[in-house]
There are 2 protein chains.
Amino acid sequence: MRIGELAARAGTTTRTLRYYESRGLLPARRGGNGYRTYDEADLKLLRQIRTLQDFGFDLEETRPFVECLRAGHPEGDSCPASLAVYRRKLAELDSLIGELQAVRAEIGVRLATVEEPTPLCELGGSEL
Amino acid sequence: MRIGELAARAGTTTRTLRYYESRGLLPARRGGNGYRTYDEADLKLLRQIRTLQDFGFDLEETRPFVECLRAGHPEGDSCPASLAVYRRKLAELDSLIGELQAVRAEIGVRLATVEEPTPLCELGGSEL
DNA sequence: GTAATCCTTGACGTCGGCGTCAGGGCAACA
DNA sequence: TGTTGCCCTGACGCCGACGTCAAGGATTAC
């Protein structure tokens with residue numbers, strides 16, 4: 001299949017596929033006319049990349065998974081390098097989620113502090 | 001005080017201050033020599049901006065807080081526009097945190113699936 | 001006096017993941 | 001034969017928040 005069909009079947013664009021190729025992530029064979037040619041295996045690789053991208057992995061992080069698939073494994077995450085990325089990502093996510101929750105809590109407090117009608121009973125009462 | 005001192009006192013750089021000025025966020029008076037001149041109030045504004053940036057607010061989102069301070073309020077978040085940003089940010093954070101937790105869970109499952117020695121008792125047993 | 005340190009403006013560079021032309025080739029169908 | 005529709009490469013654009021360099025003027029320290 002050619003680039004347009006692959007892009008359509010993976011729900012992406014030809015530009016994206018050329019970009020992946022330029023990054024060495026998804027090289028393509030070429031037909032006699034110079035057109036890129038892909039097969040079902042490429043579609044699988046591409047879907048793996050896209051799934052991880054949706055998870056927030058950057059392109060480089062998807063590389064071990066793609067190479068794992070190309071090495072013949074039925075799943076891209078059944079290789080040590082992929083697992084290492086998973087573990088690193090888990091740690092990153094835990095850290096990030098923690099930070100975001102801390103920020104969320106801080107904003108929640110500030111919002112409540114300003115929003116509340118400041119109950120008279122908590123003002124100390126002396127100014128009454 | 002001049003730009004270098006303000007930057008140092010706020011733990012940022014002169015480039016950042018010029019950038020904020022170019023965005024209309026932190027305008028500066030000028031001395032006879034053309035040098036930017038700042039006072040303690042500017043330091044307060046700058047610290048407000050930096051705090052919000054640390055929280056993950058983008059520059060435009062800090063504007064209401066800065067304007068609130070400049071309007072004379074002792075706190076940048078005691079104005080309706082600031083509260084609106086707070087509320088929007090809370091919703092964004094909740095949404096983002098939820099997505100990240102879902103991704104974290106998914107990765108956790110995949111990691112466990114591949115990592116586990118696949119207990120024999122869960123394989124169905126027929127192949128034994 | 002002069003060297004070191006500050007300040008000025010302007011403008012290009014960075015990062016990631018592409019979008020969007022521009023200019024041209026190849027193929028298939030009427 | 002022309003038109004439509006795919007494909008090609010190359011290259012600039014985008015976003016946000018600055019970093020960094022260049023070329024020069026002002027100030028300050030000695």
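All heavy atoms count here, side chains included; hydrogens, waters and symmetry mates do not. Letters go in sequence order (proteins before strands), and every chain restarts at 1.
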What integer distance in Å separates [X]:[atom1] from [N]:[atom2]?
X: B:I3; N: D:dG25; atom1: CD1; atom2: P; result: 20 Å
X: A:D58; N: C:dG17; atom1: CG; atom2: C1'; result: 10 Å
X: A:E61; N: C:dG16; atom1: CD; atom2: P; result: 11 Å
X: A:E5; N: D:dC7; atom1: CD; atom2: P; result: 9 Å
X: B:L26; N: D:dC18; atom1: CG; atom2: P; result: 12 Å
X: B:E60; N: D:dA17; atom1: CD; atom2: C1'; result: 12 Å
X: B:L17; N: C:dT8; atom1: CG; atom2: P; result: 10 Å
X: B:F55; N: D:dA17; atom1: CZ; atom2: P; result: 17 Å

Between [options], which one does the side chain of [X] approach most closely?
X: B:R30; options: D:dC7, C:dT8, C:dG17; answer: C:dT8
X: A:R2; options: C:dT8, D:dC7, C:dC7; answer: D:dC7
X: B:T13; options: C:dT9, C:dC18, D:dG19; answer: D:dG19
X: B:R18; options: C:dG17, D:dC7, C:dC7; answer: C:dC7

Between [N] and [X], is there an OP1 or OP2 to side-chain N/O distance shorter than 4.0 Å?
X: B:T16; N: D:dG19; result: yes
X: B:Y20; N: D:dA17; result: no
X: B:R36; N: C:dT8; result: yes
X: A:Q53; N: C:dG16; result: no

If you go through the side-chain atoms of B:R15, does one of them form a donor-acceptor pair with the base of D:dT20 closer than 3.5 Å? yes
Would you kindly check whether a donor in the side chain of A:Y35 faces an acceptor in the base of C:dG25, or vice versa, at under 3.5 angstrom?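 Present.
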Tell me whether [X] is salt-bridged to [Y], with the criterion being a basic N under 4.0 Å from an acidic carboxylate O.
X: A:E21; Y: A:R36; result: yes
X: A:E67; Y: A:R70; result: no
X: B:E40; Y: B:R9; result: yes

Just verifying a value: how many Å separate A:Y38 OH and A:L26 CG, rounded to the nearest 0.5 Å?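 Result: 6.0 Å between the selected atoms.
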Rounded distance [0.5 Å steps], CD in A:E61 versus NZ in A:K89: 3.5 Å
Below 3.5 Å between N/O atoms, which protein atoms pair up with nucleotides 2-4 of chain C? Just atom names and distances, please.
none

Does either side chain, that of A:R50 or that of A:Y20, offer a donor lying less than 3.5 Å from an acceptor on the other one? yes
Need to verify one output field. Residue with the more 5' nearest nucleotide on DNA chain C, A:N33 or A:Y19? A:Y19
Would you say the ring centroid of A:Y86 lies under 6.0 angstrom from that of A:F55? no
Closest nucleotide of DNA chain D for A:G34 versus for B:T14: which of these residues is on the 5' side?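 Going by which nucleotide is closer to the 5' end, it is A:G34.
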Nearest non-hydrogen partners of A:F57 and A:Q53, listed with the distance: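 What the structure gives for the nearest pair is O-OE1, 2.8 Å.
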